[in-house]
Structures are given as C-alpha cells and as structure tokens.
Amino acid sequence: MILEERVASAEFRGDAADLAMVRDTVVEAIGKAADIGEVARDDAGLRLCLGTGGSVRLFIGSPAQPKAHAEGSYTATLILEETAGLSTDQAREALAAVRRIPFTTTEMNVLRDQMPLTGELSAFLPPGCLSSVAPVLTVHHMTDFLVMVEAVLAMGVPAQAITVLDKGYPYRHTDRVDAHLTRQGIAVWPWTDAANALDDHAQRATGLGLRGLLVDDGGYTLPVLLEQRPDLLSHFVGLVEQTISGITRLEPWEGRIPLPIFSVAESRLKATVECYGIADAAVRNLLRLLPEEKLEGQPALVVGFGRIGEHIADVLRSRRMRVAVHDRQLVRLIAAHERGFLTNRCLSTLLSDHRPLLIVGCTGRTGLRGEHAAAITRNCYLVSTTSRNREFAVAELTDEARRVTDEGVLGTRLHLPSGAQATLVGDGFPINFHHAESLPNMYSDLILASLLVAASTLAAPDHGFAAGHNVAASDRVLESCGLLERYYARFGPEALR
C-alpha cells in the first residue's frame, strides 16, 4: 500500500478533562477504522497496536511555540507507524480521526462568550418556541454555527429532529464542526444529496409529530422541493432565507411560492450590520492568500454594486486601489459613478481598458462569462464574494483557456489565448469562506440570532406571514423583537463607558 501521507495533526484548546475527551475520541475513531489489539502508554504518548498487524502513535501536547498560540492550546498528532495489514481506506480513516475532533468544553465556552445574542436567545423568546418544528439548517459550517445549534436545542428541538446540510466549502474547521454535530446525534447530509436529505427529514419529522422548517443560506432547499420533490412541500411550514443569492434562486417561481418566506436576506438589519463585515473579511482573506502582491495603485474591478459590492469597492479604494464598477442595473451604475468610481455600461470595455488586477464578483448570479475572456489582457485574480461558484461561468471560461493548472490552496489558473493568466481564487467559490472563518463571531452573532427569531416566528401558528415574500413583515419582526436593543447595548456608546 502506498500512502500519500502518514501524519495528521489538529490544534485545539482545552483543560485536563478536554485532553482526556480528545484522546478517547480519537482512539474510539481509530478503533472503528481498524480493531485495536493493545494500547501501550509511554512518555511520548500512546502506541496503538492494531488487529491488522499495523500500529499508530498518538501524541497530544503543547505546540512547539506556545506564545504563538492561544492560551491552553494543544496539538494532537497521529502517525501511521506500521501500515501492515491496513487498507488504504482504513489508513485514511485513522488519519481523519485527528481532524474530526469535536469541539472541547473550553472551546465552546469561548464561542458562547463571543455570541451572547444567539446563545442566550432561548431566555428571551417564549419557552419551547421551536418545539413544534423540525428544522433543516443549511448554514455555513463555521464555529458560530455550533452556538446556533445549541440555541435551537435550547428552544425545544430534539437533536433527532434536526437535519444539517453541509455546503461543502473548504472552511477552516469543517471536519471538526461536522464531528461535533454528529456527536450530538444530528443528521448531517451533503448538500449534493439535498433531495434525499429532505425526504429523510420529512419522514423523521412526521414520526415525531412535527413539521419541517427550512433555514437556508443560499437557496439550497426550497428550490429542490419545488423542482424535485413538490410532494414534500406540505411537510414544511416555511423558509427563513439569509442571502440575496438564495432569494434570487427563487425568481423562476415568483408568484407561485407556496410557503411563507421570512427574508433576513433583504432586511434592513442585515444590510446595516453585516455587509461591511463581509467585504472586510473578503479582502483580508484575499491578502492572506496573496502575500506577495502589491495592491496599492493597482486597478480593481467590482462587478455588482449591491449591498456587498459597494462595500467591497470602498474597502479596495481604502487600500489605495483604483476601483472601477460595473452593474447591469443603471441605477446602481449611476450610484457608483456619483461616488467617484470609474464606470461603464460595457463590462468588456472595463476589462480591456481598465486592465484590473482584481476582478471581484458581487452580483449573486453569473456576471463574468466566457465571452468576456478575450477582454482580459493581463494577469489577474477572479474573486467571488457570493454563494457557491456562480459569479463566474467557470465552465465557459475554462473552455476559452488554452490550458488550466491547479494552484493548490490559491485556486485554479486559466491560461488564456491572450497570454494572460486569470486565477480563479478558491476555484471561484466565496473568498471569505476559503479555509477561513469569514466574519468574526461578534459580527455573525446578530445575524444568526436573527435567523432564529425568524424561525420562531414561522413556527408560531398565528405568524400572519403570507405565502411568498414578506419583506416588510420580516423587517417589522426583526426591528421589534429586542435584538437590536441588545446589540446596541453591547456595542453602542453606553458599552464604552
């Protein structure tokens, strides 16, 4: 057997009890991959002799440079010492055991402190306000999501009534988040199997005497029900949607949507608080991926001047870039022009004349297509800030390229006929989630709490929301539920005294 790797490691924070939990969890997972015959302990850690004849070593200790890590940090390292008798799958599962460590009590306490609005929500809403529904949660698998799930459980939902769809982004802690959810008894499905996940969820919810509730970030669930499983629609009470891209995905059914939608995506609350944070996170992560690039004085092009796009343009200009803007909606193009950005109604003209180093997609739909490739005449980076890889027509652009190379964590590089190289950063997926945590948890706290306020609203039989979009009603609920008061008390002027 030839293995590409024999060592895996993961960093975590904890105390003595957490160390024991991590050790036991990893050993248990290795035992499921390959029977453990004997466990020997020495000064270096544990040596696990496997029933197959192979052996692995597990070390848990302080990082080599403690001052470069948070207090109480440890590193768990697994080494495949002897692979005799191990299949490739068994070896990979053994290595994955270290990457799938659930979050420790110490780590969860830190997360709760960062997210009091979400974590304490069950104390402010009516007791058991979600006890009548079975939620399907399609939210980014970052650490803030774990606090949200804890709140859902505290609001009256049993773990077996929850389904989570994993969107499959390369988040920083994807494996650990999934492991934590699974350990709680929550069903986790890949987004690519959403139809079967929704079917399974509807059956479980019915068995528990509950109706489903969709909480979505990007249009992963209701479009699937409408397209593939309309027979399941009656099992769900409504949809809470977090993103504009998710709202956009419902456009083909405008006027024919049978469920009420609570649109956090279009709310004044979300626009006021989150958009700058997303823009800032996107640029910060881009700088991390491009440490050798000099942005100052270079041209940039923002495609889409909506809620996110206008903040991206401002952040790039604050980085001393020369920023151009394109938007298909003339009112937005005029808004960009009035704020001093270079504009043109023709995207190809901006690409060829402005020659941007960065092309940032913020439309929530496909803005840059294969037909635009000929206008790219310099090396550049294509950067998405919206759901999945919809911003750029990746297949069309790939067809236009002479060849395509894999650039590792940076993404995919298209070698165009003009001689220019266009790099799809993160393979065209949102930059703010690419091996990162995106927004700081103190930013996302208000938004995730808003999703749960929305969920509790639709769970009530007298919610008063009509089938389809309810933007005005969504604003009324979010602005009267007390969340903004608690947020202002935390970050407003009184908090500074």
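Note that the structure is a prediction, hence the values are computed from the model and not measured. Values below: all heavy atoms of this structure, side chains included; hydrogens, waters and symmetry mates excluded.
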Residues which pass ring-ring contact (aromatic ring centres under 6.0 Å, His included) with Phe392, listed by chain and number, not counting sequence neighbours: none
Going from CG on Leu286 to CD1 on Ile431, what distance comes out if it is rounded to the nearest 0.5 angstrom? 5.5 Å
Around atom CZ of Arg345, are there more than 12 heavy atoms from other residues, nucleotides or ligands closer than 6.0 Å? no
Identify the heavy atoms of Thr138 and Thr221 that sit nearest to each other, and give their distance. OG1-CG2, 3.6 Å
For Ser456, enumerate each residue passing the side-chain contact (heavy atoms from CB on, under 4.5 Å) test, keeping only those at least two apart in sequence or located in another chain. Leu125, Cys129, Leu130, Met155
Evaluation steps, side chain to side chain contact (heavy atoms under 4.5 Å, CB included), between Leu295 and Leu287: CA-CA 9 Å; Leu295 302 187; Leu287 292 172; 3.4 Å; yes
Side chain to side chain donor-acceptor pair (under 3.5 Å) involving His463 - partner list, sequence neighbours excluded: none
If you look at every heavy atom in Gly304 and Cys362, which pair is closest and at what distance? O-CB, 3.7 Å
Is the side chain of His201 donor-acceptor paired with the backbone N or O of Ala134 at a distance under 3.5 Å, no angle test? yes
Ile257 versus His469: any side-chain heavy-atom pair under 4.5 Å? yes
Shortest non-hydrogen contact between Leu269 and Ile447, atoms and distance: CD2-CD1, 4.0 Å
Check: Pro170 main-chain N/O paired with Thr174 side-chain donor or acceptor under 3.5 Å: no
Are the side chain of Thr118 and the backbone N or O of Asp445 linked by a donor-acceptor pair below 3.5 Å? yes
Hey, does the side chain of Arg339 reach the backbone of Asp314 with a donor-acceptor pair shorter than 3.5 angstrom? no
Side-chain donor or acceptor of Thr423 paired with backbone N/O of Val425 under 3.5 Å: no
Scanning both residues in full, the closest heavy-atom pair of Glu400 with Pro417 reads O-CD, 3.1 Å
Should Val453 and Val264 count as side-chain neighbours, where that means a heavy-atom distance under 4.5 Å? no
Glu107 side chain to Arg13 backbone, donor-acceptor under 3.5 Å: yes
Strictly distance-based, threshold 3.5 Å: is any side-chain N or O of His311 a donor or acceptor partner for the main-chain N or O of Ile308? no
Mind checking whether Arg229 and Val224 have side chains closer than 4.5 Å, heavy atoms only? no
Would Val139 and Val149 count as a side chain to side chain contact (heavy atoms under 4.5 Å, CB included) here? Give the steps. CA-CA 10 Å; Val139 179; Val149 171; over 6 Å; no
Working to the nearest 0.5 angstrom, can you tell me the gap between Leu226 CG and Leu233 CG? 5.5 Å
Ile261 backbone acceptor or donor facing Asn470 side chain under 3.5 Å: yes
Heavy-atom side-chain contact between Met442 and Phe491 under 4.5 Å: yes
Is there a donor in the side chain of Thr243 and an acceptor in the side chain of Glu241, or the other way round, less than 3.5 Å apart? yes
Would a 4.5 Å heavy-atom cut-off, applied to side chains only, mark Val303 and Leu347 as touching? yes
Using atom types as modelled and distance alone, determine if a side-chain donor or acceptor of Asp144 lies under 3.5 Å from a backbone N or O of Asn441. no
Using atom types as modelled and distance alone, determine if a side-chain donor or acceptor of Arg320 lies under 3.5 Å from a backbone N or O of Gly297. no
Could you work out, with side chain to side chain donor-acceptor pair (under 3.5 Å) as the rule, every residue matching Arg204, not counting sequence neighbours? Thr163, Asp200
Apply side-chain contact (heavy atoms from CB on, under 4.5 Å) to Arg378 and list each qualifying residue two or more places apart in sequence or on a separate chain. Gln298, Pro299, Arg355, Leu357
Might you point out which heavy atoms bring Ile376 and Ala420 nearest each other, and give the distance in Å? O-CB, 3.8 Å
Distance (rounded to the nearest 0.5 Å) between Ser444 OG and Met142 CE: 6.5 Å
Can you tell me how far apart CZ (Arg176) and CZ (Phe12) are? Round to the nearest 0.5 Å. 8.0 Å
Rounded to the nearest 0.5 Å, what's the gap from CD1 on Ile312 to CG on Leu358? Could you check? 10.0 Å
Determine, step by step, whether Ser474 and Glu266 satisfy the side chain to side chain contact (heavy atoms under 4.5 Å, CB included) criterion, reporting the C-alpha distance in whole Å, the side-chain angles of both residues, the deciding distance to 0.1 Å, and the verdict. CA-CA 9 Å; Ser474 300; Glu266 299 166 283; over 6 Å; no
With sequence neighbours left out, write down each residue that passes side-chain contact (heavy atoms from CB on, under 4.5 Å) with Thr398, or none if nothing qualifies. Val394, Val404, Leu414
Is the closest side-chain heavy-atom distance between Lys270 and Gln242 below 4.5 Å? yes
Decide side-chain hydrogen bond (donor to acceptor under 3.5 Å, both in side chains) for Lys167 and His141; before the verdict, give the C-alpha distance in whole Å, the side-chain angles of both, and the deciding distance to 0.1 Å. CA-CA 8 Å; Lys167 299 170 71 171; His141 281 205; over 6 Å; no
Considering only heavy atoms from C-beta outward, does the side chain of Thr343 approach that of Phe305 to under 4.5 Å? no
Is there a side-chain contact between Phe145 and Val164, using heavy atoms and a 4.5 Å cut-off? yes
What pair of heavy atoms forms the shortest contact from His372 to Gly367, and how long is it? CE1-O, 3.7 Å
Over 60° means perpendicular and under 30° means parallel, so classify the ring planes of Tyr169 and Phe429, tilted if in between. perpendicular
Have His415 and Thr405 got a donor and an acceptor in their side chains that come within less than 3.5 Å? yes
Start with the C-alpha gap between Val188 and Thr182, add the side-chain angles, then the distance that decides, and say whether side chain to side chain contact (heavy atoms under 4.5 Å, CB included) holds. CA-CA 7 Å; Val188 180; Thr182 302; 4.0 Å; yes
Flag if over 12 foreign heavy atoms under 6.0 Å of CD, Glu71: no
Would you call the rings of Phe465 and Phe262 parallel, tilted or perpendicular, where under 30° means parallel and over 60° means perpendicular? parallel
Inter-residue atom distance Asn344.CG - Asp327.CG, 0.5 Å rounding: 13.0 Å
